Amino acid sequence: MVKRGQEIVDQNLVGMDFRGLDLSGGMFIESDFTGADMSGVNLKGSAFATCGLSRATLERAVLDRCNFHAVNASGTLMAGATMHGTSFYDTRLADACFDGVEGDVIGISNCDLARTSLRGVKSEMLVFYGARLDRTDFSGSMLDGATFYQADLRTAVFERCSFERSIFSECDLSGQVFRGQVFNLCQFPDANLAGCDFDEATLRQCNFKGAQIEGGSFRRAAAAHSVFVGANLGGVAFNGGHFFQSVWADARLAGADLSGAHLEQCVFHRAQCGGARFPEARLTYADFSYADLRDADFRGATLMRTKVHRAMLEGTQFSERGGLLLQDAALYEAEAYSARRPSHRDPPRPRSEPGTTGQAAEKDSQR
């Protein structure tokens, strides 16, 4: 039937033995494969819609370009399968096993992967959108290029994972421990990283724009060229970390501890650093223009051409101020020029259309 191109519809295939068969290109609709043995089956280009696959065995199966939609595959064994261009939509994958799966692009959208094992997965682009990942185990997986969007990852397991160009957009990773792990060129925009432990982690050129990281820890982290723009970093410990040429503009650092941190050439424009601690920090060529530094502690910090242009310095503690640039001459001149310029006129309002009453035109003008 498959080779003739016929759809397999509403069939009871519970517990059947399909081992080693070539079922490529099959169309399976509302059929029940519960407990079936499909080990080593070639299902390349096949589609499963509203089928039952719970507790089925698809170990070492060829699932390239397969599509699973509204399938119950809970407890299914897929270890060692290939999944090039495979997609799962609205599918139950709880307690399933994807150990050792290999593929290029694997898309998982609105699926339940609670307690699912993805240990040792190798994929060029693994995409999770709206997935449930309670206690999902990624241990030892290559998550290079993986994308997690709006995923709850608080209880997911990431031991010994590889992260390069990985994206965790608007994800909840609060409380996770990434101590000593390596993240290269990774993105955490608007993610919840509250209480996360990044101690001694490598975070080269990572982006934490808008992230919530209050109460987290980056002690002795290597995070050169990273971005913390607009991030909430209240109470975070950065002690002894290396953050060369990182950007902290508009970050909220109230009560943060940056003691002994390497902050050379970092940019803290408009950062809120009230009560933050910078003792023994290296701040050569750092730029705190327009920052709130009230009650901050800079005692013992290395200050050399450190800009504090128009920064708020009430109650700020310094051992010496010799290395501070209180006013950036070029920036001051630009500000003065801007202040002297006449205000621009508002752009002309669009003319009312023919037939528009004067009252309506006046309301449009006001809007």
Side-chain angles (χ1 to χ4, degrees), residues 190 193-196 198 208-221 223-341 343:
D190 301 311
L193 300 168
C196 275
F198 286 98
F208 297 91
K209 183 180 182 296
Q212 304 295 317
I213 319 179
E214 62 271 23
S217 179
F218 288 77
R219 295 182 179 90
R220 298 173 299 283
H225 308 106
S226 289
V227 175
F228 296 92
V229 173
N232 184 352
L233 305 168
V236 176
F238 295 98
N239 312 63
H242 291 250
F243 301 97
F244 177 71
Q245 288 187 344
S246 293
V247 181
W248 310 70
D250 299 301
R252 287 163 284 172
L253 286 151
D257 190 348
L258 297 96
S259 303
H262 294 246
L263 300 167
E264 295 92 344
Q265 300 182 37
C266 287
V267 176
F268 291 87
H269 289 178
R270 300 174 301 280
Q272 300 174 26
C273 303
R277 303 187 68 251
F278 294 89
E280 308 300 328
R282 300 184 183 181
L283 294 166
T284 301
Y285 288 102
D287 189 347
F288 289 89
S289 296
Y290 313 105
D292 181 354
L293 303 177
R294 289 174 293 183
D295 300 317
D297 185 356
F298 286 85
R299 290 176 295 182
T302 301
L303 305 174
M304 189 176 80
R305 299 192 65 80
T306 304
K307 294 181 184 178
V308 289
H309 180 84
R310 294 193 185 276
M312 290 182 276
L313 299 173
E314 293 85 354
T316 308
Q317 301 179 71
F318 296 98
S319 296
E320 52 86 23
R321 297 187 176 218
L324 292 178
L325 289 178
L326 298 175
Q327 184 182 99
D328 185 322
L331 186 55
Y332 180 81
E333 183 179 349
E335 292 170 343
Y337 173 76
S338 180
R340 291 193 303 268
R341 292 184 64 188
S343 59

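Note that the coordinates shown come from a computational prediction; the quantities given were computed from them, not determined experimentally. These values consider heavy atoms only, across backbone and side chains, with no hydrogens, waters or symmetry-generated copies. For reference, positions follow the sequence shown, starting with 1.
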Check: Phe268 and Leu293 side chains under 4.5 Å, non-hydrogen atoms: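 They are not in contact (no side-chain heavy atoms under 4.5 Å apart), so the answer is no.
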
Close side-chain approach of Leu258 to Asn239, heavy-atom, < 4.5 Å: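 SC-SC contact between Leu258 and Asn239 ruled out.
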
Looking just at side-chain N and O atoms, do [X] and [Y] make a donor-acceptor pair shorter than 3.5 Å?
X: Ser259; Y: Arg277; value: yes
X: Asn232; Y: Gln212; value: yes
X: His269; Y: Asp250; value: no

Out of curiosity, [X] [atom1] to [Y] [atom2], how far, rounded to the nearest 0.5 Å?
X: Phe298; Y: Gln317; atom1: CZ; atom2: CD; value: 10.5 Å
X: Leu313; Y: Asp295; atom1: CG; atom2: CG; value: 11.0 Å
X: Thr316; Y: Arg299; atom1: OG1; atom2: CZ; value: 11.5 Å
X: Gln245; Y: Gln265; atom1: CD; atom2: CD; value: 4.5 Å
X: His262; Y: Phe244; atom1: NE2; atom2: CZ; value: 12.0 Å
X: Arg252; Y: Gln272; atom1: CZ; atom2: CD; value: 7.0 Å

Closest contact, heavy atoms only, [X] versus [Y]:
X: His225; Y: Ser246; value: N-OG, 3.6 Å
X: Val236; Y: Glu214; value: CG2-CA, 4.1 Å
X: Ala281; Y: Leu263; value: CB-CD1, 4.3 Å
X: Cys273; Y: Leu253; value: SG-CD1, 3.8 Å
X: Thr306; Y: Leu283; value: OG1-O, 2.7 Å
X: Trp248; Y: Cys266; value: NE1-SG, 3.7 Å

Ring centre gap for Phe238 and Phe278 strictly below 6.0 Å: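 Phe238 vs Phe278: aromatic centres not under 6.0 Å.
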
For Phe208, the option from Asp190, Val227, Val229, Ile213 that meets side chain to side chain contact (heavy atoms under 4.5 Å, CB included):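 Checked Asp190, Val227, Val229, Ile213 against Phe208; only one passes side chain to side chain contact (heavy atoms under 4.5 Å, CB included): Ile213.
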
